[in-house]
Protein chains: 2
Amino acid sequence: MQDTAQKPAPERAYEAVIAKIRVMIEEKNLGPGDTLPPERQLAEIFNVSRHSLREAIRVLQEKGVLAARQGSGNYIQSATRGDLMRTLAVTTNTGSRRALEIFQLREILEPQLAALAAEMGEPRHIEMLEALLEKQGQTTDGIELRKIDHEFHETLAAATGNATLYELAKNINRSLLPPKTKIYDNRERQVISLEGHRKILDAIKNKDVEGAKAEMRAHIARVKSTVF
Amino acid sequence: MQDTAQKPAPERAYEAVIAKIRVMIEEKNLGPGDTLPPERQLAEIFNVSRHSLREAIRVLQEKGVLAARQGSGNYIQSATRGDLMRTLAVTTNTGSRRALEIFQLREILEPQLAALAAEMGEPRHIEMLEALLEKQGQTTDGIELRKIDHEFHETLAAATGNATLYELAKNINRSLLPPKTKIYDNRERQVISLEGHRKILDAIKNKDVEGAKAEMRAHIARVKSTVF
DNA sequence: ATCGTCGATTGGTTGCACCAATATTCACGC
DNA sequence: GCGTGAATATTGGTGCAACCAATCGACGAT
């Protein structure tokens, strides 16, 4: 049977270990550059197998909390990527001044992202962007269009191959969301957006780094002028 | 010995597995709700131990790509297929690349911050920067110098008049903190840093927007080459 | 046909052995 | 005494095998 009910989520061993490691870092006042005890020792302390211990370390590693060096140890990293993004996440709705500030950030960031995407983008990224553009051309619903727009910019960021840049772009989009505002409520804006994206993507496909940068700059400028 | 040098990042087994899972999802056209083959089977297909395979699955699970149900299977989770592909597009890269990623972000951001500072910077910001530079010239302690360096870059961001950019710059600095590395341990690097800051500040004082941008770009490039 | 039981499947956990990279020790030669 | 380099120990990385726990599925009793 298939019942949608989610179980009370029994805690996995590795989850408990993650929590314990965090506590240990806190209590022993470990900072960037310090090392954790060896895995074998930690496994014994926490009373879990080395495998479960390592699952926890892997996760923390992917989150940027730890860095593993074979033959040496597990090192505490500085801040997490989450810390980096908190800036944008927390203070979303603080008025139009903030919207302007974030737009300024976009003006700085996105043209460079487009340039990097043109330089680094792999075929599968191009395909994803192309598919989105296709979809955008066939859509008229305002809500849907805004979503597609976000996806386009996020996918472009992903095409840089830099996970940090992707996260940042995602957060910018999210924090920019003027909840109800229908940016795409009229045909003119829809066309502007679509054509802008078209030119950007074409430049990326041609590996035209400077062109991609310029087109994105122009695109953002046009969008900005319609918003403000 | 403790050298900051990052190794060429040998690929871990679990990273390769993540990439292979991504390909599998693409090729078999899997979407939310579908299940992956059993772990034991996947391990054999990919020619890795179940342990390594599970590390990969754990990571994907934490990223929200997969959900594991004991006794049942590993299910694809992401809301939409686009979401899924975007996430997987950047999950291939990992771990030790993080510092490089953040540096790439700095390369994008900071020159523009310098340009904005040159354009918008108010006298009080200039004064603060000047004071910091003065202090930097009289300091030799490595720890202290790193702190001053951070303050310089943060103050510069503040000079843009954009609070969001300032917050972001602050977090980038903090998350970059190379573990214990004494970037300023030798006289040569101290001079490089000081001269770089000098040139940037001079450009800002002269309202030389392009100059500030160029000097910052050069400065970051120099710092990068000494770190990596 | 329905329901419950029991076996098979699948993820979760553990233990151990060995490999690979790194750190440490120590003996050797200068 | 002091490098210097080889041997040794330490530490993370990987693989194999067994068993536990939740779930699924087939089969038989009713």
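Residue numbering restarts at 1 for every chain, and letters A, B, ... go by the order of the sequence lines. All of these numbers come straight from a predicted model, not from anything done at the bench.
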Would you mind telling me which residue lines up with the more 5' stretch of DNA chain C, A:Gly71 or B:Gly71, judged by nearest nucleotide?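 Its nearest nucleotide lies further toward 5', so the answer is B:Gly71.
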Round to the nearest Å and state the distance from [X] atom [atom1] to [N] atom [atom2].
X: A:Phe46; N: C:dT14; atom1: CZ; atom2: P; result: 13 Å
X: A:Leu60; N: D:dG12; atom1: CG; atom2: C1'; result: 15 Å
X: B:Glu39; N: D:dA22; atom1: CD; atom2: C1'; result: 13 Å
X: B:Tyr75; N: D:dT23; atom1: OH; atom2: P; result: 10 Å
X: B:Gln70; N: C:dG11; atom1: CD; atom2: P; result: 10 Å
X: B:Leu42; N: C:dT10; atom1: CG; atom2: P; result: 11 Å
X: B:Tyr14; N: D:dT14; atom1: OH; atom2: P; result: 9 Å

Judged by each residue's nearest nucleotide on DNA chain D, which is more toward the 5′ side, B:Ala13 or B:Arg40?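 Per heavy-atom nearest nucleotide, the more 5' residue is B:Ala13.
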ring-ring contact (aromatic ring centres under 6.0 Å, His included) partners for A:Phe152, two or more places apart: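 With neighbours one apart ignored, the set is A:His197.
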Any residue meeting ring-ring contact (aromatic ring centres under 6.0 Å, His included) with A:Phe46, in chain and number order, not counting sequence neighbours: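 Here no residue qualifies.
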Are the charged groups of A:Arg58 and B:Glu55 less than 4.0 angstrom apart, N to O?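 Yes.
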Between A:Glu39 and A:Arg54, is there a salt bridge with N-O shorter than 4.0 Å?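 A salt bridge links A:Arg54 with A:Glu39.
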Within the pair B:Arg69 and C:dG11, is there a side-chain N or O less than 4.0 Å away from OP1 or OP2?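 For C:dG11, neither OP1 nor OP2 has a side-chain N or O of B:Arg69 closer than 4.0 Å.
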Would you say B:Asn74 reaches C:dT10's phosphate, i.e. side-chain N/O to OP1/OP2 under 4.0 Å?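 Result: no.
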Quick one: are A:Ile200 and A:Leu129 in side-chain contact, heavy atoms under 4.5 Å?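 Not touching, per the 4.5 Å side-chain cut-off.
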Distance to the ring centre below 6.0 angstrom and angle to the axis at most 45 degrees; does that hold for B:Arg106 and B:Phe103?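 That pair qualifies as a cation-pi contact.
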Under 6.0 Å from the ring centre and within 45 degrees of the ring axis: does the NZ or CZ of B:Arg86 meet both conditions for the six-membered ring of A:Tyr166?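 Geometry flag: not set, cation outside 6.0 Å or 45°.
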Interface with DNA chain D, restricted to residues 47-57 of chain A and to heavy atoms under 4.0 Å: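 Only A:Arg50, A:Arg54 qualify.
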